[in-house]
Number of protein chains: 2
Amino acid sequence: MRIMGTRIADTIRERIEQMIVTGEFADGERLDEVKLAEQFGVSRTPLREAFQSLAASGLLTLEARRGAFIRHPDFVELVEMFEVMAELEAMCGFRAARRVSEQQMRDIGRTIEACEAAIAKGDFDEYYRENETFHHLLYEASGNSFLAREAARLHKRLKPYRRMQLRVTGRMPQSMREHRAIYAALEKSDSKAAAATLRQHVAIQGERFNDLMASYRQMAPRKAG
Amino acid sequence: MRIMGTRIADTIRERIEQMIVTGEFADGERLDEVKLAEQFGVSRTPLREAFQSLAASGLLTLEARRGAFIRHPDFVELVEMFEVMAELEAMCGFRAARRVSEQQMRDIGRTIEACEAAIAKGDFDEYYRENETFHHLLYEASGNSFLAREAARLHKRLKPYRRMQLRVTGRMPQSMREHRAIYAALEKSDSKAAAATLRQHVAIQGERFNDLMASYRQMAPRKAG
DNA sequence: GTCAAACCTCTTGTATACAAGAATATTGAA
DNA sequence: TTCAATATTCTTGTATACAAGAGGTTTGAC
């Protein structure tokens with residue numbers, strides 16, 4: 001990809017995006033243009049461009065003549081989004097099973113081990129980072145760069161809520177087993193198994209559904225969902 | 001969805017979007033801010049906001065300090081995009097087979113007939129519109145509003161290229177048979193059949209691959225693909 | 001005391017002015 | 001003539017000024 005010259009608007013966009021995905025804003029919160037501009041030491045112009053861009057990615061909502069709002073998806077929409085995410089990841093896995101290179105397999109193997117090591121250490125932030133790398137490697141391994149970008153985009157958008165899920169105890173060992181199963185499926189070039197395992201890994205169903213719902217109510221008590 | 005007050009930026013966005021998806025701009029063309037602003041009778045500000053929004057949707061590319069460019073996907077990327085589109089539509093079909101309402105089935109049936117009537121009349125524009133409605137109804141029938149939005153988004157982005165495909169002769173009867181098959185699968189609540197037929201219907205493979213490639217070379221001769 | 005209407009303030013939307021980087025033309029030398 | 005360096009022009013990026021709508025507040029009537 002082409003290296004872009006430094007535009008303030010782009011910098012601002014990334015900073016705000018970071019703030020959003022780390023859950024810095026509450027649901028329904030309005031992002032004050034003048035306050036943020038002041039805070040970043042820029043004018044409203046680049047800030048508004050950043051808003052536009054973020055809104056198009058779905059990270060915030062622009063309401064005409066009312067402003068930019070953080071609108072967490074309601075519970076139903078969140079489940080819908082995870083449903084699509086699961087399918088995109090399954091699609092990546094399906095294709096990756098046939099196309100993944102040896103180098104990519106080594107990289108994926110390494111992140112799996114890093115995830116397990118992080119859990120052993122109890123370092124959740126590191127687990128989180130490594131897990132993210134694991135999934136991004138899978139997207140790339142699909143061999144479909146458009147698919148990889150779209151998957152990464154939705155992955156980012158779900159970030160605050162995935163984090164929420166991870167807080168739930170007891171899921172880690174299961175998650176680790178799934179990582180291993182995905183790896184095995186890729187190694188055997190078993191497209192269907194890779195897809196099915198990934199779909200299972202990401203999907204919100206069974207116990208995980210209840211876990212998510214519980215965390216969700218805690219995080220966004222205003223909405224019924 | 002909330003009705004938004006009239007913002008010039010939004011209007012401009014839609015007008016430019018329309019121009020893009022109807023293929024009004026050539027590949028690599030730069031969209032001149034001042035010229036367009038003049039043409040629309042507005043200042044550069046709302047125009048630039050529209051650019052940001054369009055860029056985020058992938059309809060144009062912003063290059064820092066160089067401007068907004070129409071960058072048609074190269075052939076490989078186009079095939080990748082259709083691959084994802086096929087999967088999204090399959091996903092919609094899979095879910096729709098279980099969830100579609102009777103009213104929705106009637107609407108879908110009507111668009112199928114309208115498509116066939118349009119072909120009989122040789123009215124390609126009308127066929128095109130009705131076909132678009134057919135697919136949008138399917139997205140909605142999936143029961144997953146997020147999926148429906150994402151599918152519609154990609155559908156829009158592929159619009160110029162789908163049109164290209166349709167010019168190829170002889171595909172229409174096959175396409176019509178597929179519409180009927182999709183309808184039948186939905187009627188039987190056969191998720192797998194609905195998914196498979198839709199995937200087949202949208203995917204670029206076999207003869208269709210060659211057709212697309214031929215049209216593509218004609219449309220965008222600069223790129224090798 | 002409550003409701004409604006007018007007014008005021010605050011925020012967003014748009015236009016314009018200014019700054020800075022790209023692209024291009026021009027000039028000079030080899 | 002060709003290449004390179006510099007100057008000029010043109011376009012984008014950012015800041016600021018201005019316009020207009022939304023929300024809240026105050027005032028008045030019932």
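So that the names make sense, note that chain A is the first sequence line, chain B the second, and so on, each numbered from 1. Worth saying up front: this structure is predicted, and the values here are computed from it rather than measured.
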**Q** Distance check needed: C:dG21 C1' versus A:R7 CZ, whole Å only.
**A** 13 Å

**Q** Take atom CZ of B:R48 and atom P of C:dT16, then tell me their distance rounded to the nearest Å.
**A**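 Rounded to whole Å, this separation is 16 Å.
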
**Q** Atom CZ of B:F69 and atom P of C:dA22: how far apart are they, to the nearest Å?
**A** 13 Å

**Q** Look at the side chain of A:S43 and decide which nucleotide, out of D:dT14, D:dG13, C:dT12, has an atom nearest to it.
**A**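 Within the option list, the nearest is D:dT14.
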
**Q** With side-chain contact (heavy atoms from CB on, under 4.5 Å) as the test, pick out the partner of B:L59 among B:M19, B:R71, B:R157.
**A**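 The side-chain contact (heavy atoms from CB on, under 4.5 Å) with B:L59 is passed solely by B:R157 among B:M19, B:R71, B:R157.
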
**Q** Name the orientation class of the two ring planes belonging to B:H135 and B:H201 (parallel below 30°, tilted from 30 to 60°, perpendicular beyond 60°).
**A** parallel

**Q** Evaluate the salt bridge (charged side-chain N to carboxylate O under 4.0 Å, His left out) criterion for residues A:D107 and A:R110: first the C-alpha distance (whole Å), next the side-chain angles of each, then the deciding distance (0.1 Å), finally the verdict.
**A** CA-CA 5 Å; A:D107 291 343; A:R110 202 155 32 74; 3.0 Å; yes

**Q** Quickly work out the A:I12 CD1 to D:dT14 C1' distance and round it to whole Å.
**A** 11 Å

**Q** Can you check the B:I8 CD1 to D:dA20 P distance for me, whole Å?
**A** 11 Å

**Q** Would you kindly say whether B:Q18 and B:R15 are connected by a side-chain donor-acceptor distance under 3.5 Å?
**A**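 Note: B:Q18 and B:R15 side chains miss the donor-acceptor criterion.
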
**Q** Within a strict 4.5 Å, meaning less than it, do heavy atoms of the B:I204 and B:Y161 side chains meet?
**A** no

**Q** D:dT14 C1' sits how many Å from B:Q52 CD, rounded?
**A**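 Distance check: B:Q52 CD to D:dT14 C1' gives 13 Å.
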
**Q** Of the nucleotides C:dT14, D:dG21, D:dT14, which has the atom closest to the A:R65 side chain?
**A**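 The answer is D:dG21, which lies nearest to the side chain.
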
**Q** Of the candidate nucleotides C:dA22, C:dA15, D:dT14, which contains the atom at the shortest distance from the side chain of B:R66?
**A**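 Of all the options, the side chain of B:R66 is nearest to C:dA22.
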
**Q** Heavy atoms only, 4.0 Å cut-off, all strands: where does B:V34 land among base, sugar-phosphate and nothing?
**A** nothing

**Q** Out of C:dA15, D:dA15, D:dG13, which has the shortest distance to the side chain of B:E33?
**A**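 Selected nucleotide (nearest to the side chain): D:dG13.
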
**Q** Would you kindly give the CG-to-C1' distance between B:L47 and C:dA15, to the nearest whole Å?
**A** 13 Å

**Q** Quick one: which of D:dA22, D:dT16, D:dT12 gets closest to the side chain of B:R44?
**A**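 Of D:dA22, D:dT16, D:dT12, D:dT12 is nearest to the side chain of B:R44.
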
**Q** Just compare D:dT14, C:dT11, C:dA15 and give me whichever is closest to any side-chain atom of A:R30.
**A**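 Among the listed nucleotides, the one closest to the side chain of A:R30 is C:dT11.
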
**Q** Rounded to the nearest angstrom, tell me the gap between atom CG in B:D32 and atom P in D:dC10.
**A**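 To the nearest whole Å, that distance equals 12 Å.
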
